[in-house]
Amino acid sequence: MKLVMAIVKPFKLDEVREALTSLGIQGLTVSEVKGFGRQKGQTEIYRGAEYSVSFLPKVKVEVAVADDLAARTVEAIQKAANTGRIGDGKVFVMEIVEAVRIRTGELNAEAL
Amino acid sequence: MKLVMAIVKPFKLDEVREALTSLGIQGLTVSEVKGFGRQKGQTEIYRGAEYSVSFLPKVKVEVAVADDLAARTVEAIQKAANTGRIGDGKVFVMEIVEAVRIRTGELNAEAL
Amino acid sequence: MKLVMAIVKPFKLDEVREALTSLGIQGLTVSEVKGFGRQKGQTEIYRGAEYSVSFLPKVKVEVAVADDLAARTVEAIQKAANTGRIGDGKVFVMEIVEAVRIRTGELNAEAL
Amino acid sequence: MTPTTRTARLAALAGAIVLAPCATALAQDAALGEAVGEAAATTETTYIFNTLSFLMHGFLVMWMAAGFAMLEAGLVRSKNVATICLKNVSLYAVAGILYYLVGYNLMYGGESAFIGSFAVWSPDDSAALAGDFSGNYAAGSDWFFQMVFVATAASIVSGTLAERSKLWPFLIFTVVLTGFIYPIAGSWQWGGGWLSEMGFYDFAGSTLVHSVGGWAALTGALILGARKGKYRPDGGVNPMPGSSLPLATLGTFVLWLGWFGFNGGSQLAMGSAADVIAIATIYINTNLAAAAGVIAAMATSQVIYRKVDLTMALNGVLAGLVSITADPLSPHPVTALFVGAVGGILVTLAIPAIDKLKIDDVVGAISVHLICGIWGTIAVPISNAETSFATQLTGIVAYGAFTVVASTVVWYALKLTVGVRVNPEEEELGLDRAELGMEAYPEFGHGSRSI
Amino acid sequence: MTPTTRTARLAALAGAIVLAPCATALAQDAALGEAVGEAAATTETTYIFNTLSFLMHGFLVMWMAAGFAMLEAGLVRSKNVATICLKNVSLYAVAGILYYLVGYNLMYGGESAFIGSFAVWSPDDSAALAGDFSGNYAAGSDWFFQMVFVATAASIVSGTLAERSKLWPFLIFTVVLTGFIYPIAGSWQWGGGWLSEMGFYDFAGSTLVHSVGGWAALTGALILGARKGKYRPDGGVNPMPGSSLPLATLGTFVLWLGWFGFNGGSQLAMGSAADVIAIATIYINTNLAAAAGVIAAMATSQVIYRKVDLTMALNGVLAGLVSITADPLSPHPVTALFVGAVGGILVTLAIPAIDKLKIDDVVGAISVHLICGIWGTIAVPISNAETSFATQLTGIVAYGAFTVVASTVVWYALKLTVGVRVNPEEEELGLDRAELGMEAYPEFGHGSRSI
Amino acid sequence: MTPTTRTARLAALAGAIVLAPCATALAQDAALGEAVGEAAATTETTYIFNTLSFLMHGFLVMWMAAGFAMLEAGLVRSKNVATICLKNVSLYAVAGILYYLVGYNLMYGGESAFIGSFAVWSPDDSAALAGDFSGNYAAGSDWFFQMVFVATAASIVSGTLAERSKLWPFLIFTVVLTGFIYPIAGSWQWGGGWLSEMGFYDFAGSTLVHSVGGWAALTGALILGARKGKYRPDGGVNPMPGSSLPLATLGTFVLWLGWFGFNGGSQLAMGSAADVIAIATIYINTNLAAAAGVIAAMATSQVIYRKVDLTMALNGVLAGLVSITADPLSPHPVTALFVGAVGGILVTLAIPAIDKLKIDDVVGAISVHLICGIWGTIAVPISNAETSFATQLTGIVAYGAFTVVASTVVWYALKLTVGVRVNPEEEELGLDRAELGMEAYPEFGHGSRSI
Ligand SMILES: Nc1ncnc2c1ncn2[C@@H]1O[C@H](COP(=O)(O)OP(=O)(O)O)[C@@H](O)[C@H]1O
Ligand SMILES: Nc1ncnc2c1ncn2[C@@H]1O[C@H](COP(=O)(O)OP(=O)(O)O)[C@@H](O)[C@H]1O
Ligand SMILES: Nc1ncnc2c1ncn2[C@@H]1O[C@H](COP(=O)(O)OP(=O)(O)O)[C@@H](O)[C@H]1O
C-alpha cells in the first residue's frame, strides 16, 4: 500500500476529495498546514512595519491506497488541485508496510 | 524503526496514550485532523439550509518505535481506540530510515 | 528522495527554516502538533485542581529532499533546533517513492 | 418647520394614546406655571429631563453600532472578520459626519413636504440660555439622537453585503445613504412631510430606519450577487457558518440593550410623568416583543428542523425588536408578545426563503430588518386606533420604492465606475488579506505562536 | 399591599441609616409643597427621577444577562459554547415572559405573608396621569426593574449546569424558577411578607436573588451529577479549562457595570437628595467590595498555589459584588472593603472545596452566588444596627429550605419525565453538535477556511 | 479648597464660553429662588441632576476599563492574553482602592498649590441632608467620577508594557501611579493648584489623564526594553500581530461609548439648561472628533501603505477622542472634526516612528494617549480665547517632567528590587503559562477537545 500525501491550496480541497471519491476511494485524512515555497507571500504592512508573509495556508491530504491505485490517485490529485499557478503544491508517495482498521482489526487492503 | 501513524477518535486519545506508555513508549506526537470516511457526519441544518458534514474531527497520533515493538504498538492502539463503531479510524505503519534526537544527536534506537 | 520530518520547539522554527534555506532547500511544510515525551509539562493548577500538562506545543516540519541532501538536511535541523535542553525534539527520515509538482506535473527531483 | 417637528408630528398623529398623556402633561405644566407664578422653574427641569433622555437613550443607540459589529463579525467567516469590523467602525463615523454636514437639515429643515433644506446643521439654544425653555430640549441632544439612528440604517447594509463588497465603494454608498437617501425619506414622516400629513405612523422607525436599511441591503445584494459557492448548480445552498457564535450572541445582547434607547428615546421627551410612564411602557413592550421573538424563533426552528439553531434564535430577538419598533407604546403587553412572536416566526421562515431566491444575505438582515420592519408597520393599527392599514401600506410602499430606486442608482453608478465587489481570487483569499493585508486571527492555532 | 411594598418595607426596616434621609426627604417635600403652595411640581419631578432610576438602573441590570452569557461562554469548552449562549438568551426571554404572566403579582400582589396573588401583571398609572404623584414612580418602571432581577437568578443556574443539561428541560426549570419559586420566595421579604415583618434585611438580594439562584443551581448539580470525566476514580479532579478567558473577562466587566444598576437601583428612588446621596454611597461600596474581592482572591491564589489564576480573580470580583449586595448602603467604605475581601477569599477556597465534594459547578456559581450570598447576608449586622444575626440566619435558612425543596421537586419531575441530562455520547460530542447541530467556532483552525 | 474646586476652577477659567452659560444659570437660579420664595426646591433638583450626571457618566467611564481590557487582549498574542486580562481587572481594582485611601485627598484636599492633603477620603453630605444644597452634588458621586478617571490613566500603561512586564511589580507601579503620581499632578490643575492659577486649560484630561498615563507608559517602555525579537539587528521591525481583531474592535467601541461619560461628565454639572446644553455639545464634538479620527487614519493608511490597517483605524478613533478631550466644549463642530482628524493622522505617523526609535509600545498607547494628548492640549487655544499656547505648553511640560521623573524612580526601584520584566524563557513561553500557569485559549484548535 501507499500513503499519498498531498499539499494543496485550501480552496481546492473539495475538488480533490471529489476526484478521489470518484476513483472509489472511501477515506482520507486532512490537516491544516502552512507552506513555505517558491510562492512568496505578499509583503504586508502591519502598523506601519513591513514584513513578508513567508508561510501560506495549505491543506495536507493523506490517503492510503492499494499499490495499484497509487498512480491514479496521484494523477487525480494533480489534476484536481492544479490551477497552473505557483504554489499549487506537491504530492509525495510513501510506502505503507501495514494498515489496520481499528474497528474490526482488518488488515491492509481490507483496512482501507 | 517504524513510524506508526494512527487516526483515532479524539476522545480516545488519553486511552491510547496510556496504552502506549504501558508498553514503555516514551514519546509521541499528536495532531488535530479531520477525517473523511465511511462514517458520515449527520446532515445538519444551518439557517434552514441542509448540508452534510463530510469531515469529522479526528486525532492523528504518530509514534516512532523500534522494529520489534511495532506489532505490539499497533495492537495496543487498535485495542485502546476501539469502540466497535464506524469511524474508529486506522493505523498505518511506515518505515523510518533514520531517527535523530535533536538535543543529543543520538541516532535511531537511542533517539526514541 | 527522503521525507525529513522534524518535531521541534515552536520558537526554533525560524532558525530551522533559515538553516534549510541556506542549504538551498526551496520548500517545506509546517504543522502545529502537541508532543508527549520525556520533557514533562509543569504541574499546573486550574481553579484549585492540580493537573499535569502532558502535551506540549511543538511544530512539525516536513521537507522532501533528494537522497544526497538528506544527511545534510538532518544535520542542519539538528543544529538549528538544538537548545541542549530536554524536549528539543526528533528528526525522522522516511523514503519517498514518488514526488509530483502539482502545477507542472514534474516528477521527483524536479518536483522539489 | 423646526427640529421639534418629530415631536409635534408624533403628538399630532398618535391620537388618543399618545395625545392624551401629552395633553395632560401640557395642561399640567400650564396649571403648574400659573400655580407657582413663574413657569421657568418647572420648564427648566422639563428641558433638562428631555435633553437627558436624548443623551442617555442616544448613547444606548450609539452602542448598537458595537452590537452590529459583533453580530456581523461572529456571522462571517474568519477570513472576512477584520474587514467587517473596519466597515462597522467606519460606517458609524461616516454616518455621523454626513448627518452633520447634510443629513440632519435635509431631514428636519425646510418646509417642503418631500425634502428638507441643504445646510450644515447648527444648533441654536440661545432662547433656552436666555431663560425661554419652550424649545423643550437642547438642539444638540436631538441631533445626537437622530444621528445614531442613521448609523443604524447603515449598519444593516454592511451585514448583508459582507464577505464580498469592496471597502471604499461600500463607504461611498454609506455617504449617500446617510447623507441623502435616509434623510430625504425621513423628512416625509419625522420631518413633517407628506406621509406624516397623511397619517402614517412609525414611532421609532420599523420602516424609516429598519426597512430603509433593509431595502438598501436588498438592492445591494441583488446588484452584487451571491458569494462564490454559496448556491450550488443543483439549486442547493452551501451554508458558510459564521466564525464565532459567542461574538454573534454578544452583538445580539448589545442590540437588545441599545434598543431600549432606540424605542424609549423615541418618546422624544421625559419631562413629564406622562412621558416617563410612556417610556416605561415602551421598555416593557420592547423587552416582551424581543422575548417572544426569540422563543417563537426557537419553537419554529425546533418544529421545522428538529434542532434549535442559535443563529435563528438570535435573529428572533432582533425580529421581535424590529417588529415592535413601529409602535412600542400603544400595544397592550400581550399584543407586544404577539407582534414579537410573529416577527420571530417570520424571520425563521424568511431566511431560508430568501436563500431559495438566491439572494445572499450573510447575516439575515433583510429578513430581520426589512420583513419584520414591514410586519411591524402593518401591525400598528392592531393596537393604535388612529392609524389605518391603508396608510401604513402607503408608507411602506413609498419607502420601498424610493429606497430601491435611489439605491439602485448608486450601486450601479459604483459598479460601473470603481466596482463594488472584489474579484473571485480576493473573495477566495478573504477580504482581510486581500483588502486590508491582515488577518483577524493571525495565529496558527490558538495557544501557539504565530508563524 | 401594593408594588411599592419593597420601598415601604425597606424604609421601615432599614432603621436610622435609610430611614433618616428618607424621612428628611419626605419632610422636605412636605415643607416645600407648603412653601410653593402647590406640591405637584416637586412631586412630578420626584416621580420622574424615581422612574428614571428604575429604567436606567434596570437597563444596566438587563446588561448583566450579557455578562453571564459571556462569562459562561468563556468558561465552558468550545463544544458547548453555542448551547450556553442559547440558554442565556432564552432564559432571559423566559424570565421576562413568566414574570409578566405570573411572577410579578405572585411576588408583590396580595396580602398574604407567604405568597402574592395569581394574576397577570397590569400597570395602573391613572393617578399620576391625573396629577397625583403619590405612586412615586411609573408602575411599569418598577416591573422592568424587578424583571431583570429574576433573570439574574436564572442566569446563575445555567452556568453551574453547563455542558450537560438538556436545553428544553432547562428552560422548563427556568419557567418554574422565574414564574413561581423566585416570586413566592421573594414575596416573603420584598413583597412585604413574614420575613420582612420579622426584620430580615436584604437590600438588593444577596439572599433573595443570588442565594436563591445558587440553591437552585446546587440542587440541579446534585441531581444531574458531574460531567463525565470530571472526577477521576482516584479522587482527583480533571480540570476542563474554559475555551476563552477574554470572553470570561468581558463577562465579568459587564457584570461589574451592571451591578451598579443592581445595587444602585435597589434604593428604589432617586427623587430626593437623600436618595441620590444613598445611590452614590451604594456605587462606592459596590465598587470597593468588588475591588477588594479581586485583590483578595488574587492574593489567596498566589499564597496557596503560587500562581494567580485569572478565573479565580474574576470569581473574586463577583464574590465581592455578591457579598456587598445584602447591604451596599450602610457600611463604611472600609467595611465594604472588608466584606468584599472576605468574599474574595471565601470563593477561592470554596471552589476547590466544592470540587472535593464532587459537586460539578462549571463556572463556580455556587461558590460565588450561594456562599458569598450567605456571607453577605450574615455580614449585614456588622454595619447595620437595626438587624440581627439571628434574623439574618432565619432568612438564609428559610430561603435555602424552600428553594432546595422546590427545586428538587422540579428537577426530579423533569428527570423522571423528559430527562434533564444529555446522554454520554452527546456529552462527549458536545452539546452544540448534539442538541443544536452546529458549532460555536466551526472553522478548522482560525484564519483558514472552514472544511 | 473643597472637592468642588474642579468646578470652580473650570468655571473661572473657561471664560466666555463656559462662564456665560454658568453665569446665566446661576442668575436664573437666583431669580427663580426669589420668584418661588423658596430656593430649596430648585436646588434639590439641581443637586440631583448634578449627582446623576456624575453617576451616569461615571458608570460609562468605568465601562472604559472593559474597553481597554478588550482592546489590549485583542492586540497581544494569545500566549499573553490571560495576563493582560488579569492586569486590566486588577489595575482597576487597585486604582479604586488607592484613590480611596490616598489619591482623592491628595488631589482635591488641602490648600497647597502643589499637593493636596494626606487623608483617607470621607464624604460629608450633612448639609444637603439638612436641606442646604449648596454643595451642588453628593460628595460620593464626585469621588466615583474622579476614581474612574484614575483607572483610565493606569489602563494606558498596561497596554504599552504588555507581553513582558511582570504582574505584581506592574501592580505596585499602579499603586504608586494611582495613589500618588496622578493625584499630585492632578492637584495642580483640577485640585486648584498652580497650573489652574496660571490659566492652564484641560477640560477632561487630555494632559492630566491621557498624557500622564502616556508618559508613565513611555518611561516604562524605555526602562523595560522591547519585547524579544521585536526589532531585528538589521534595524527592521518584526510585527507581532494581535491575536483577535474583533476583540480589539469591541474594545474600541466600548471606549468610544465610555468617552461620552468621560467628556460629558466633565461638565461636572447637569442641573441647569446651560449645563445640559453644554453636555449635548460635548457629546457631539466628542463623536465628531472620533469620527474624523478614524476616517483620517484610514485615509492616511491608504495613501501611505495602499492598504487600510484596521488596527490603525481603531487607533484613529482613540486618537480623535484623546485629542478633543482637552476641550470638547468650546470648538465649533468643524473645529472638532479638524482636531480629531489631525489626531488620526498623527497617530498613524507616530506608531511607525516610535517603532523606528525601538520603543516597543504593544498597543500604540504612547501614540494615542501621549502624542494626541499633547496635540489636543495645544489645540485648545484654537477655539478657546481664554487660553494661550504658552500656558498650555507650560502645563504639558510640567506634567511630562513630573511624570517622567516620578515614574523613572518607581520603575528603577522596582527593577533593582523585585524586577519588572519576565526572563527571556518566560517571555518566549508566554506570560500566561509562565506567570499564571494557564492559557487564554487552552484548546488545541477550536471546535476540538482540549488535550
Ligand atoms: N521540499 C518540500 N518539502 C515539503 N513541502 C514542500 C516542499 N516544497 C514545497 N512544499 C510545499 O508545497 C507548497 C507549494 O510549493 P511552492 O514552491 O510554493 O510552489 P509549487 O508547488 O508551485 O512549486 C509549499 O507552500 C509547501 O507547503
Ligand atoms: N484511505 C484512507 N487514508 C487515510 N485516512 C483514512 C482512510 N480511510 C479512512 N481514513 C481515516 O480514518 C477515519 C475513519 O474511517 P471510516 O471509514 O469513517 O471508519 P472505519 O475506520 O471504522 O472504517 C476517517 O475519518 C479518516 O480520517
Ligand atoms: N517515539 C516518538 N515518536 C514520535 N514523536 C516523539 C517520540 N518521542 C518524542 N517525540 C516527540 O518529540 C518531542 C520531544 O521529546 P522528549 O522526549 O520530550 O525530549 P527529547 O527529544 O529531548 O528526548 C515530544 O514532545 C514528541 O513530540
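Side chains are part of it too, since the values below use all heavy atoms of this structure and drop only hydrogens, waters and symmetry mates. Proteins get letters first, then strands, A, B, ... in listed order; numbering begins at 1 in each.
The greatest number of non-hydrogen atom pairs below 4.5 Å with chain C, out of A:Val93, A:Ile7, A:Ile77, is found for A:Val93.
Taking the charged nitrogens against the carboxylate oxygens, C:Glu62 and A:Lys60 do have a contact shorter than 4.0 Å, which makes a salt bridge.
Annotation: side chain of A:Met94 is not in contact with side chain of C:Val97 (no heavy-atom distance under 4.5 Å). A:Val74 places a side-chain heavy atom less than 4.5 Å from the side chain of C:Glu98. Taking 4.5 Å as the limit, some side-chain heavy atom of C:Leu3 sits within range of a side-chain heavy atom of A:Met5. Within the 4.5 Å cutoff, the side chain of C:Ser31 has no heavy atoms near those of the A:Glu32 side chain.
Here the CZ atom belonging to A:Phe36 is positioned 10.0 Å from the CG atom belonging to C:Leu13, to the nearest 0.5 angstrom. Distance CD/C:Gln26 to CZ/A:Arg38: 4.0 Å, rounded to 0.5 Å. Here the CE atom belonging to C:Met1 is positioned 8.5 Å from the CZ atom belonging to A:Phe92, to the nearest 0.5 angstrom. Here the NZ-CG distance, from A:Lys90 to C:Leu112, works out to 6.5 Å after rounding to the nearest 0.5 Å.
In this structure, the portion of C:Thr21 lying under 4.5 Å from any heavy atom of chain A is its side chain and not its backbone. Using a 4.5 Å cut-off between heavy atoms, C:Glu95 touches chain A through its backbone atoms (N, CA, C, O) alone.
In this structure, the side chain of A:Gln78 engages the main chain of C:Ile102 through a donor-acceptor pair within 3.5 Å. Using modelled atom types, one side-chain atom of A:Asn82 and one backbone atom of C:Arg103 make a donor-acceptor pair closer than 3.5 Å.
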